[in-house]
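See structure below.
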Amino acid sequence: MTSVWQSMQTSPFLRHMLAPCSVLQQPGFERPVRVQSDGAIACAAERVEPALAWFYARFALEISALVRVCCPAAPVGAGAAADMDGQRMARMLLAAARVTACAWQTGPFCPPGRPVPTPCSWGNVLAGATMPDAARLARCMTDLAFFVDPALRPRGVDGTALHAWACATWPLLQPVEWLGMAGGDERLDPDGQTGLNQYGCQLIPRYGELDFSSSTASTPTLSAARAMHQAATRLICLAVDGQGAEAVVEETKAFLAGFYHMDGARRVVLAPSGTDCALAATAVMGLLNTPLTTILPGAEESGSGVPLATCGRHFAYRTARGQVVQKGMPIDGFMRDAEHVALDLRGGNAERVPDDDLFAACQQHMARAVGAGRRVLLYMLHVSKTGQLVLPAARVRALCALYPGQVDVLVDACQARLRPELVRQYVAWGWAVMVTGSKFFTGPPFSGALFLPDSWLARLRGAGCLPAGLAAYASQAEWPDQSACRILPAGLNTGLFVRWSGARAEMEAFAAVPDTQKAERLQQFMQGAAAALRACPFVRLLPSVALPTQPEAEAWDSLSGIFAFTVYQNGCALDFAQTRLVYGWLLADLTPHLPVDLRREERALAALPCHVGQPVALITAQGVAAGMGALRVSASARHISGTGGEYAAAPPVTKGASTADHPVAWMLAKLGLILRYWSDLAHAQPACRPHVAHASLPGGACMPRQVLAPVRQGISALALGQS
């Protein structure tokens, strides 16, 4: 196995790009790697040091992907280069080199915050934010040509034209790890030490991780990461050919319309997150020019930024189009008199508020709003952060019937734990529906969409315009081609397209499983998870209400797929701050901070990354500040389709498996280890966290608030600055 080929096989940064490869012993190679005319990669036999091997491997994989995507119909062999003129091939080489040089800066051989020069001189020239001049670019191209077969080497290149093309496309020529972070807000920013974003995720597979975090967000599987890289390659190929990329957005819309059995892509609005979808819905409501009251039953179990979005206010510090804003301030053009009414889903001791009480509260607030001449937007959660349906569809229809023509419904189905037929039914009833590809389907975070019913589409065809401030969040390509949307800027959100491509791969894998097997596999996972949680002495499942029975007896969405639980230490439930600490420690490698005489089994548990759903604050009789926190274990599409099996740390759940064999039991074993060695962990001094807050535990112990010494397999904050 040659150095370059070994790097392709073993590096978590490269495995999802792996392409057909030949290992050749050819003394005549000018470089340790050469891309053949058919896109195959030939590796010379001599060994090179690991950093150089990684750099060469990444460059070869990027070239290979471009050759195969840009000319997919070309025959294998030297003739494959027939349609590649010199100018086009020069663009491809330059794009691959630029992407590789940028990827090096956040790859495994560059410590966080300490840039390391690339192994090749041309890499240092092409890695910068500014385009090199034409002369330096020409010198780089001379060296780049030796990395491809002679039949692919560009000839007769117009240096001036190549430089002009590069200047126009420079911002797009970025690695998929960077593109996947673009077009969102600060929640996608990676930590400078761990490479994980605020959801505990990264954009390359995290091999060996136990993943139950789909109620929040997940790190992509190998198949999703491969789809994202192919999407990024396709964007570059379109730029190589001088074509616009708006068509790929329409393809994404068409896929979603087909998946959810809609009558066309015209109903689809793409948006980065569920909160962006809520903002889009608020913008459409503003076209009615009527004061708006949004009623949110279960608001504390929806997105934290939703109350701000429903009032037309900035819900983060950076918009999806990169504009820095002040969180909480009004967005230009949105209704200034919009209001929202938040109704709690849980009362004292985290007990679930009965549907009858929520129905009565909604009716009371609707009567007040309608009586004051206001339009009502009723928010329906299907399902909430802890797996609750708020309110059932029959109750929502009854509320709408009380005030015909004066109530709109927005279904928050961002968890996506429902059959496509039900989404279509909601839209047919005239309700707008928000979904994501990043929760149940485990695509990368910030993949959202809003489905519009006929009445909402009619508003977009009217004389009004969407709010001017929405231009900081969306472009025309993400919205239907209607008159009200023309106020939005041209262009597209490339990061959103890349992320949806990863989600699409997971959705297609899930759709390929027969419905009867979906229900059976989900039930197997949930039964084992429930048994493991109920048998654990230091956790308690949260009180909940079962989902209404589905018309089909074996419908897979008759279970929410989410278990919420509280953690107990010395007989006392951990509060929200303490639960956040446990969440971080479950995700981290704890071995450096535990006693050296740990048994081998305990050491393996301490190193095992366990990703559960982010903590949810629960209200008690004393209020949120004194409230408990709940962690969540969730089933996901990958538990049904098996896409996570490529890198999961635990065996898949099979029929008849014991509770101890269930992967949730492994997570609980690590949780027990954390509680057992709490005092040791409390006094650890994490070198990667210079400013660490502490929270008291029952009994007076304390531990760091942040994740301690996690394994870095992701992207440093340098990526944000470069992009």
Side-chain angles (χ1 to χ4, degrees), residues 181-189 197-199 216-217 269 271-287 289-345 365 369 374-379 381 384-385 410 412 414 434 436 445-446 448 450 466-475 487-489 493 496 576-577 580 614-617 619 623-625 627 629 693 705 720:
M181 292 189 299
D185 57 44
E186 63 269 12
R187 289 172 286 176
L188 282 180
D189 295 351
N197 60 32
Q198 292 186 24
Y199 299 110
T216 305
V269 176
S273 68
T275 313
D276 287 273
C277 289
L279 184 68
T282 305
V284 176
M285 293 297 296
L287 295 172
N289 294 316
T290 304
L292 178 66
T293 295
T294 303
I295 301 176
L296 293 90
E300 77 276 22
E301 294 202 13
S302 180
S304 59
V306 167
L308 288 173
T310 57
C311 291
R313 294 176 177 270
H314 295 295
F315 51 83
Y317 295 102
R318 192 176 69 243
T319 71
R321 291 181 60 84
Q323 182 176 326
V324 177
V325 294
Q326 188 172 351
K327 184 176 180 179
M329 294 301 292
I331 305 174
D332 184 30
F334 280 78
M335 293 174 286
R336 291 291 182 264
D337 55 356
E339 64 178 15
H340 79 276
V341 177
L343 304 176
D344 292 332
L345 181 61
H365 289 290
R374 304 179 69 88
R375 185 88 181 180
V376 172
L377 179 63
L378 179 61
Y379 210 81
L381 272 171
S384 75
K385 287 182 178 181
L410 177 61
D412 183 344
C414 288
M434 309 188 305
T436 69
F446 273 58
L450 173 68
L466 292 171
L470 191 63
Y473 289 86
S475 62
I487 194 173
L488 299 175
N493 187 329
L496 181 57
F576 179 65
R580 288 185 64 186
Q614 283 183 333
V616 177
I619 298 174
V624 175
R705 183 177 299 277
L720 175 64

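Computed from a predicted structure; not experimentally measured. In what follows, residues are counted from 1 in the order of the sequence shown.
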Donor-acceptor pair, side chain of [X] and main chain of [Y], under 3.5 angstrom:
X	Y	result
Thr282	Gly312	no
Arg187	Tyr199	no
Glu186	Ala316	no
Thr310	Pro307	yes

Which heavy atom in [X] sits nearest to a heavy atom in [Y], and how many Å separate them?
X	Y	result
Leu279	Ala309	CD1-O, 3.7 Å
Ala281	Leu410	CB-CD2, 3.8 Å
Met434	Ala278	SD-N, 3.5 Å
Ala472	Gln323	CB-OE1, 3.3 Å
Cys414	Thr436	O-OG1, 2.6 Å
Ala471	Pro489	CB-CD, 3.6 Å

Just how far is it from atom [atom1] of [X] to atom [atom2] of [Y], taken to the nearest 0.5 Å?
X	Y	atom1	atom2	answer
His314	Thr319	NE2	OG1	8.0 Å
Leu381	Asp412	CG	CG	5.0 Å
Leu308	Arg313	CG	CZ	7.5 Å
Leu296	Tyr379	CG	OH	6.5 Å
Ser304	Gln614	OG	CD	9.0 Å
Arg321	Asn493	CZ	CG	8.0 Å

Taking the side chain as everything from C-beta on, heavy atoms only, tell me whether [X] gets closer than 4.5 Å to [Y].
X	Y	answer
Phe334	Leu470	yes
Leu188	Pro445	yes
Pro272	Asp185	no
Leu343	His365	yes

(request) May I have the step-by-step check of side-chain contact (heavy atoms from CB on, under 4.5 Å) for Arg318 and Asp189, ending in yes or no? (result) CA-CA 11 Å; Arg318 192 176 69 243; Asp189 295 351; 2.8 Å; yes
(request) List in chain and number order the residues that pass side chain to side chain donor-acceptor pair (under 3.5 Å) with Thr293, two or more places apart in sequence or in another chain; answer none if no residue qualifies. (result) Glu339, Arg374
(message) What I want to check is whether the side chains of Asp276 and Tyr473 have a donor and an acceptor closer together than 3.5 Å.
(response) no
(request) Report yes or no: do Glu301 and Ser384 form a side-chain donor-acceptor pair below 3.5 Å? (result)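 Short answer, yes.
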Solution key, residues 324-332 side-chain donor-acceptor pairs under 3.5 Å, sequence neighbours excluded:
none

